[in-house]
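These numbers come from a predicted model, not from an experiment.
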Amino acid sequence: MEQENETPQLSEDEKNLFEELMPEDLNEILDTGVNRRHFLKLMTLAGGGVLAAQSAVAEQLLIRPLDVVSPAELAPATIENGVNVAFKVNGTARKLMVDSRMTLLDTLRERLDLTGSKKGCDHGQCGACTVIVDGRRVLSCLTLAASCEGKSVQTIEGLAQGGNNSAVRLHPMQAAFLKHDGFQCGFCTPGQICSAVALMDEAKNGEVSYVTENVRQKPGPIQLSNEEIRERMSGNLCRCGAYPNIVAAIQEVHSGKPVEQSWQFVG
């Protein structure tokens with residue numbers, strides 16, 4: 001009896017189809033089956049009318065389930081320079097083997113299916129990948145997963161409370177971003193919110209910034225001005241230009257008082 005997770009065998013007609021249209025992929029398909037890349041290439045050919053003569057064979061292939069291996073189940077043999085990493089992600093203990101050169105961002109997205117953290121520049125310049133590690137905001141695209149051994153990682157997915165059988169309660173910063181339209185396309189928003197949440201603790205701990213007036217004063221909670229917020233959030237870029245709304249959202253959470261929404265209309 002064939003196992004459910006066994007790679008489906010290609011028929012002779014299907015082999016001939018791939019040999020004719022995708023000869024460069026034939027050996028890989030025979031070894032591992034049809035994956036998402038092969039499927040998309042076949043769809044492209046179908047859209048271009050190339051498969052008219054083999055439509056019946058192509059239809060069978062296009063409705064076949066993809067042979068997708070869960071990233072978290074990658075065999076150690078497929079990982080180069082593997083190291084075991086144990087850490088908490090959004091309060092849940094996780095242990096997996098990763099390449100010693102794999103970044104925290106790629107680990108979250110590709111191995112743990114936590115795709116909220118975005119890969120923007122991949123050079124630590126845009127802030128879209130910002131997550132919180134042991135209470136400090138970090139650029140996950142510049143942080144090795146192996147360096148997070150024993151640490152606690154919080155991503156945008158871990159900020160809201162509840163779920164499953166209970167109502168979801170947004171983090172106050174998430175609710176403020178919604179109220180003040182602190183996003184447009186939303187690509188940078190997870191990093192913006194994680195950075196803003198960590199910023200609250202930095203201000204509470206009295207950590208100074210470039211625009212802090214008196215850096216010699218006794219450390220204590222800092223009342224953030226809009227200028228302070230803009231400076232402390234300067235590492236998070238928003239290509240849509242929602243900066244005034246982001247500052248208003250952070251200021252409302254920080255001060256605990258409603259911030260009036262100001263709309264500036266051209267003309």
Side-chain angles (χ1 to χ4, degrees), residues 87-91 103-105 108 116-118 120-121 123-145 147-161 169-183 188-238 241-262:
F87 56 117
K88 283 188 176 181
V89 181
N90 297 327
T103 64
L104 177 59
L105 175 61
L108 292 171
S117 305
K118 297 297 185 284
C121 66
H123 286 80
Q125 297 176 350
C126 71
C129 68
T130 304
V131 298
I132 304 171
V133 178
D134 283 352
R136 310 288 299 184
R137 47 181 167 162
V138 304
L139 297 168
S140 59
C141 76
L142 298 183
T143 305
L144 291 176
S147 71
C148 296
E149 172 71 29
K151 296 182 179 180
S152 177
V153 178
Q154 188 172 37
T155 69
I156 188 68
E157 291 91 343
L159 292 181
Q161 303 295 319
R169 182 167 57 87
L170 293 179
H171 187 281
M173 192 64 71
Q174 292 174 305
F177 265 66
L178 286 172
K179 174 183 175 181
H180 290 278
D181 293 326
F183 56 90
C188 73
T189 307
Q192 297 274 7
I193 292 178
C194 285
S195 190
V197 170
L199 183 153
M200 296 292 100
D201 288 333
E202 293 171 10
K204 186 184 299 183
N205 296 334
E207 299 178 27
V208 300
S209 75
Y210 180 77
V211 297
T212 302
E213 292 185 5
N214 184 4
V215 299
R216 298 179 183 276
Q217 67 184 2
K218 183 179 178 181
I222 295 176
Q223 186 62 40
L224 299 178
S225 63
N226 287 349
E227 184 183 16
E228 277 272 15
I229 293 173
R230 284 193 291 269
E231 166 61 25
R232 292 170 186 262
M233 291 291 293
S234 60
N236 291 83
L237 305 183
C238 172
Y243 298 115
N245 302 9
I246 292 171
V247 171
I250 296 173
Q251 185 63 262
E252 182 164 307
V253 177
H254 173 66
S255 65
K257 301 176 182 178
V259 174
E260 182 179 354
Q261 294 175 306
S262 58

Trainee: Going by the rule side-chain contact (heavy atoms from CB on, under 4.5 Å), which residues pair with Leu144 if we only count those two or more places apart in sequence or in a different chain?
Mentor: Ser147
Trainee: Has the side chain of His171 got a donor or acceptor atom that lies under 3.5 Å from a matching backbone atom of Met173?
Mentor: yes
Trainee: Does any non-hydrogen side-chain atom of Ile246 lie less than 4.5 Å from one of Asn236?
Mentor: no
Trainee: How far apart are the closest heavy atoms of Cys141 and Gly124, and which atoms are they?
Mentor: SG-N, 3.3 Å
Trainee: Any donor-acceptor pair under 3.5 Å linking the side chain of Thr212 with the backbone of Ser209?
Mentor: yes
Trainee: Among residues at least two apart in sequence or on other chains, which ones pass side chain to side chain donor-acceptor pair (under 3.5 Å) with Gln251?
Mentor: Asn226
Trainee: Is any side-chain heavy atom of Val138 closer than 4.5 Å to one of Val131?
Mentor: yes
Trainee: Would you give the length of the straight line joining atom SG of Cys194 to atom CG of Leu199, rounded to the nearest 0.5 angstrom?
Mentor: 12.5 Å
Trainee: Rounded to the nearest 0.5 Å, how far does CG of Leu139 lie from SG of Cys126?
Mentor: 8.0 Å
Trainee: Answer yes or no: is there a side-chain heavy-atom contact under 4.5 Å between Glu157 and Val89?
Mentor: no
Trainee: Any pair with a residue in residues 190-205 that passes salt bridge (Lys or Arg N to Asp or Glu O under 4.0 Å), sequence neighbours left out, goes on the list, sorted by first then second residue, please.
Mentor: Arg137-Glu202
Trainee: Holding to side-chain contact (heavy atoms from CB on, under 4.5 Å), I want the full list of residues that pass it with Leu178, two or more places apart in sequence or in another chain.
Mentor: Leu170, Phe183
Trainee: Could you pull out the closest heavy-atom pair between Gly120 and Ala128, with the gap in Å?
Mentor: N-CB, 4.4 Å
Trainee: Phe87 and Val153: which non-hydrogen atoms are nearest, and at how many Å?
Mentor: CD1-CG2, 3.7 Å
Trainee: Which heavy-atom pair separates Val259 from Ala248 by the least distance, and what is that distance?
Mentor: CG2-O, 3.9 Å
Trainee: Can you name the nearest heavy-atom pair linking Val253 to Ala176, along with the distance?
Mentor: CG2-CB, 3.6 Å
Trainee: Please determine which of Glu260, Lys257, Lys179 meets the side-chain contact (heavy atoms from CB on, under 4.5 Å) test together with Glu252.
Mentor: Lys179
Trainee: Using 0.5 Å steps for rounding, measure from the OG atom of Ser117 to the CG atom of Leu108.
Mentor: 5.5 Å
Trainee: Do Cys129 and Ser140 have side chains that approach each other closer than 4.5 Å (heavy atoms only, starting at C-beta)?
Mentor: yes
Trainee: Does Gln223 have more than 12 heavy atoms from other residues, nucleotides or ligands lying within 6.0 Å of its CD?
Mentor: yes
Trainee: Quick check for you: to the nearest 0.5 Å, what is the distance between Thr189 atom OG1 and Lys118 atom NZ?
Mentor: 8.5 Å
Trainee: Could I get the full list of side-chain contact (heavy atoms from CB on, under 4.5 Å) partners for Gln154, not counting sequence neighbours?
Mentor: Asn90, Ile132, Leu159
Trainee: Between Asn245 and Asp181, is there a donor-acceptor pair closer than 3.5 Å when you use the side chain of the first and the backbone of the second?
Mentor: yes
Trainee: Evaluate the criterion side chain to side chain contact (heavy atoms under 4.5 Å, CB included) for residue pair Ile222 and Glu207; output intermediate values, then yes/no.
Mentor: CA-CA 8 Å; Ile222 295 176; Glu207 299 178 27; 5.8 Å; no
Trainee: Give every residue pair that meets the salt bridge (Lys or Arg N to Asp or Glu O under 4.0 Å) criterion with at least one member in residues 222-238, sequence neighbours excluded.
Mentor: Glu228-Arg232
